[in-house]
Amino acid sequence: MTRHSVADVSGLPTSGFGATSPMWWGTMAFMAIEGMGFALGVASYLYLAFLAPEWPMAPPPDLIPGSLVTALLVVSVLPNHLLDRWTKAKDLKRVRFGLLLMSILGALPLVVRWFELGALNVNWDTNAYGSIVWLLLGLHTTHLLTDLVDTLVLAALMFTRHGRSGKRFSDVSDNAFYWDFVVGTWVVLYLVIYWFPRI
Amino acid sequence: MTSHPADMTKDLRDTDLDDPTLDGILARTWETPRGFYGWLATVDHKMVGRRYIVTAFVFLALAGLAALAMRLQLSVPENSLMGPDLYNQLFSMHGTTMMFLFAVPVMEAVAVYLVPLMVGTRNIAFPRLNAFSYWVYLFGGAMIWIAFAFNTGAENGWFSYVPLAGPEFSFGKRSDFWAQMVTFTEVSALAVAVSLIATIFKQRAPGMSLDRIPLFVWAMLVTSFAIMFAMPAVMISSTMLILDRLVGTQFFNPAEGGDPLLWQHLFWFFGHPEVYIIFIPATGMVSAIVPTFCQRPIFGYQALVLALIAIGFLSFGLWVHHMFATGLPQLGESFFTASSMLIAIPSGIQIFCWIATLWLGRPILKTPLLFVLGFIFTFVIGGLTGVMVASVPLDLQVHDTYFVVAHFHYVLIGGAVFPLLSAIYYWFPKISGRMLDERLGRWNFWLAVIGFNAAFFPMHLLGLEGMPRRVYTYPAASGWGEVNLFISLMSVVFAASFAVLGWNVVRSLRHGIVAGPNPWNAGTLEWAAPSPPPPYNFLRIPYASHREPLWNDRDSLPVVSGLRVDARELLSGSLAEATPELRESSVDNSIWPLLAAIATTAAFVGSIFTPSAVVWGGLLAAIPLIAWFWPKGNPEDEE
């Protein structure tokens with residue numbers, strides 16, 4: 001079979017942001033998977049709560065550490081979006097600064113999370129309530145950790161010669177997008193873990 | 001690593017190159033180096049897909065042997081060949097292997113091989129993730145079978161119900177190995193699903209708008225979404241199970257506020273879509289094969305696409321029909337009866353579209369089409385018993401009997417394995433370059449259809465007579481001995497059909513008729529590539545002018561030009577219209593996915609024995625994952 005050319009694609013760019021980039025779709029897909037995991041975790045929490053004669057089956061968790069984590073995460077959304085904007089402008093200097101800042105803002109909630117675990121007022125093996133609360137927190141802490149590692153690696157990468165490639169900017173943008181997801185899921189979990197037992 | 005010789009011009013395009021020159025350069029850019037290291041490091045979707053298919057068939061053979069051992073035990077009443085403990089492990093390993101290690105992976109495997117070819121691109125999206133998924137799958141499957149060899153295999157059925165699988169009743173590590181096997185296979189299945197979605201959304205050939213996507217590709221898209229939303233449920237529940245067993249959480253312990261039915265809800269929220277995750281690709285295969293052997297376009301393309309999507313959605317609304325015997329509220333049961341019956345509608349639409357296509361065409365009765373006809377016949381029987389057990393009173397009567405065993409084997413073997421065998425005969429020439437033998441194919445077909453129906457149809461009757469499932473023997477006074485003996489003999493006939501397939505494959509690889517690019521005169525793009533396809537798939541990226549481009553453009557294939565050829569580059573386009581947007585680089589071969597899979601395996605297996613493995617295993621796995629991502633200075637990294 002012979003071939004005839006009907007279009008010339010030589011002028012197309014080699015990287016793009018958002019829905020143009022396949023990696024953005026990959027990130028979306030992983031967020032859908034993990035979001036489903038969170039949704040099922042919350043569903044299990046509510047299922048156990050509705051079965052139990054009394055809920056919570058221990059004193060509710062102390063509000064201060066959890067609320068502090070929430071505040072830190074919500075505040076980090078602003079610099080995160082600034083970073084995203086700098087990324088799309090391919091402003092390498094600011095992107096480097098933004099990544100360093102986001103590394104710190106990613107590490108801080110993890111520090112407070114340590115105290116949060118101590119303030120849950122229940123152990124994972126005390127009862128089913130303790131088990132599901134620890135599962136939800138564990139799931140989210142894993143996300144905080146992996147995104148922090150991802151941010152640190154990207155920060156290091158952007159300080160090398162590889163940082164100038166268009167693809168890397170697109171990676172940083174996807175990472176910022178993913179951080180929004182980590183924050184967004186926490187807001188839901190915060191309401192479930194801290195406020196549901198109080199209503 | 002692929003070599004990039006210095007004599008190549010940087011940023012060389014395909015525009016002005018003649019075909020032999022282009023072939024030489026593309027082959028060098030996309031090749032997998034010879035030798036063991038190259039074999040381990042390849043990210044070529046065809047090599048990964050091929051080894052996925054072979055591995056899945058090895059697991060099929062193992063699970064098949066487990067089934068034969070069970071049939072040997074059941075062939076006479078009060079048989080003392082094996083005791084209940086081994087029998088429990090055998091049926092658990094059989095079900096676990098068939099569902100987690102054969103049925104889902106083999107469907108994804110065929111897609112890993114075919115989808116990039118069918119959409120006209122050069123490799124799957126995220127090729128390293130795809131390679132990683134294979135190694136994780138292989139290691140997870142090997143783990144559970146090695147555990148079984150050491151008398152530590154799964155023992156509580158493929159669904160591992162608590163409290164039987166919980167810390168009170170399942171001693172030792174058997175259920176922990178089962179739970180981690182789930183983690184392995186789900187990580188792998190999810191990774192493939194993500195790669196397939198990105199490939200189908202972004203890497204379709206220009207011109208391949210949504211309404212020109214081949215139906216098998218549509219089916220894999222719907223399947224991938226079902227995987228994405230179903231598999232997290234089993235990952236969460238198996239994590240809860242292993243936590244209950246290892247660190248004393250109380251998820252399923254009613255004494256401390258837990259609930260065993262939480263397991264069943266989560267498991268079947270995954271487990272029911274799982275059936276459709278297996279069945280939807282099979283219907284996609286049928287929709288690809290029927291038009292070719294009728295030499296006319298499929299009847300009702302839009303209806304078939306909508307039916308696929310409807311099945312995908314509805315499959316999430318049926319899970320409670322596995323739990324009718326657990327004493328749920330009646331309103332809930334009625335709802336799930338209705339939704340279980342509802343899914344028969346899109347399934348029926350598909351069947352009628354295939355029959356209409358056969359009716360309007362001139363069917364060519366080669367082996368692939370024979371298996372499609374065997375599928376329609378067998379699957380309809382399984383579908384009918386499905387509608388029967390969707391009704392609560394009937395389900396309660398036959399629950400946990402051989403009637404249900406008969407039903408789901410009709411659905412799974414009739415509905416998925418026969419289409420898969422059809423697909424093997426249909427696409428083998430593309431993968432190997434040679435045709436499978438037609439005479440052996442007919443033997444294969446008749447032995448399979450007769451052997452299967454003769455072995456499984458009598459199980460309906462045994463079930464109605466009250467023979468329970470999952471028992472290692474039965475009393476002679478039950479009167480079930482003769483039927484069981486007949487079933488066991490027929491299961492040998494069914495197994496023989498697979499031996500014929502194996503012989504046919506081995507023989508045809510050496511002596512089969514050379515196929516050429518399009519031996520069946522099919523219409524979709526995978527048949528535009530040579531058989532077997534070169535590492536780069538297509539010399540030039542095709543332009544899809546039609547739903548069956550090869551039938552529309554019989555003399556000359558429209559293509560696009562302007563892609564870079566000295567580095568791995570492919571086209572990425574818009575979701576709906578596939579309008580080209582990017583010249584997207586595609587990553588080179590890498591050993592890091594394998595090393596990451598090894599580290600992941602250490603973490604998963606370690607966590608069966610100590611919770612600390614989650615910490616050190618996580619750190620261990622982070623190293624290869626970072627190395628995998630870190631640019632190595634290839635031209636692909638610098639775009």
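Here is the naming used below: chain letters follow the sequence lines, and residue numbers restart at 1 for every chain. The structure presented is a predicted model; accordingly, all values stated were derived computationally and were not measured.
- Side-chain contact between A:K167 and B:P631 is absent, with no heavy atoms from C-beta onward closer than 4.5 Å.
- Scanning residues 244-251 of chain B against chain A with a 4.5 Å non-hydrogen threshold yields B:V247, B:G248, B:T249, B:Q250, B:F251, sorted by number.
- Both the backbone and the side chain of B:L582 have a heavy atom closer than 4.5 Å to some heavy atom of chain A.
- In terms of modelled atom types and a separation under 3.5 Å, the side chain of A:S10 and the main chain of B:S561 share no donor-acceptor contact.
- Using a 4.5 Å cut-off between heavy atoms, A:A32 contacts chain B through both its backbone and its side chain.
- In this structure the side chain of B:L266 reaches within 4.5 angstrom of the side chain of A:S44, judged on heavy atoms.
- Both the backbone and the side chain of B:A233 come within contact range of chain A, each with at least one heavy atom under 4.5 Å from a heavy atom of that chain.
- A:T14 is not listed as a side-chain neighbour of B:S585, based on a closest heavy-atom distance of 4.5 Å or more.
- A:A156 touches chain B through backbone and side chain together, each having a heavy atom under 4.5 Å away.
- Of the atoms belonging to A:L145, not a single heavy atom falls under 4.5 Å from chain B.
- Residue A:L152: no heavy atom, backbone or side chain, is found under 4.5 Å from chain B.
- When heavy atoms are compared at a cutoff of 4.5 Å, A:V6 approaches chain B by way of both its backbone and its side chain.
- Here B:G257 is the residue among B:G207, B:A191, B:G257 with the most heavy-atom pairs under 4.5 Å with chain A.
- Per-residue counts of heavy-atom pairs under 4.5 Å with chain B were compared for A:S5, A:G41, A:S21; the largest is that of A:S5.
- B:I197 is not listed as a side-chain neighbour of A:W25, based on a closest heavy-atom distance of 4.5 Å or more.
- Looking at A:H4 and B:P558, their side chains come closer than 4.5 Å, going by heavy atoms from C-beta outward.
- Ranked by heavy-atom pairs under 4.5 Å with chain B, the first of A:Y47, A:W124, A:F30 is A:Y47.
- For the set A:G130, A:G37, A:G35, the count of heavy-atom pairs under 4.5 angstrom toward chain B peaks at A:G37.
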Next on the checklist: A:D171 vs B:F629, test: side-chain contact (heavy atoms from CB on, under 4.5 Å). Steps then yes/no.
Outcome noted: CA-CA 11 Å; A:D171 288 340; B:F629 169 74; 3.7 Å; yes
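- Counted within 6.0 Å of CG on A:L191, heavy atoms from surrounding residues, nucleotides or ligands total more than 12; the atom is thus considered enclosed.
- Contacts of B:D19 with chain A are made by side-chain atoms alone, with heavy-atom separations under 4.5 Å and no backbone atom involved.
- Contacts of B:M235 with chain A are absent, with no heavy-atom separation under 4.5 Å from either backbone or side chain.
- B:E581 and A:L12 make their closest contact through O-CD2, 3.7 Å (heavy atoms, listed as atom of the first residue, atom of the second, distance).
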Item to check | Stepwise side-chain contact (heavy atoms from CB on, under 4.5 Å) test for A:L51 and B:L261 | outcome: CA-CA 11 Å; A:L51 278 187; B:L261 281 191; over 6 Å; no
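- A distance of 12.5 Å separates NE2 of B:H265 from CG of A:L40, quoted to the nearest 0.5 Å.
- Between B:W630 and A:V153 the shortest side-chain heavy-atom distance falls below 4.5 Å.
- For chain B, the nearby part of A:T160 is the side chain; its heavy atoms alone come within less than 4.5 Å.
- Top candidate by heavy-atom pairs under 4.5 Å with chain A, chosen from B:F201, B:F252, B:F225, is B:F201.
- B:V560 and A:V9 get closest at one heavy-atom pair: CB-CG1, 4.4 Å.
- Between A:P22 and B:K202, the shortest heavy-atom contact is CA-CG, 4.0 Å.
- Here the side chains of B:E256 and A:D125 are not in contact, with every heavy-atom distance at 4.5 Å or above.
- For A:M23, the parts lying under 4.5 angstrom from a heavy atom of chain B are both the backbone and the side chain.
- Only the backbone of B:D555 comes within contact range of chain A, with heavy atoms under 4.5 Å apart.
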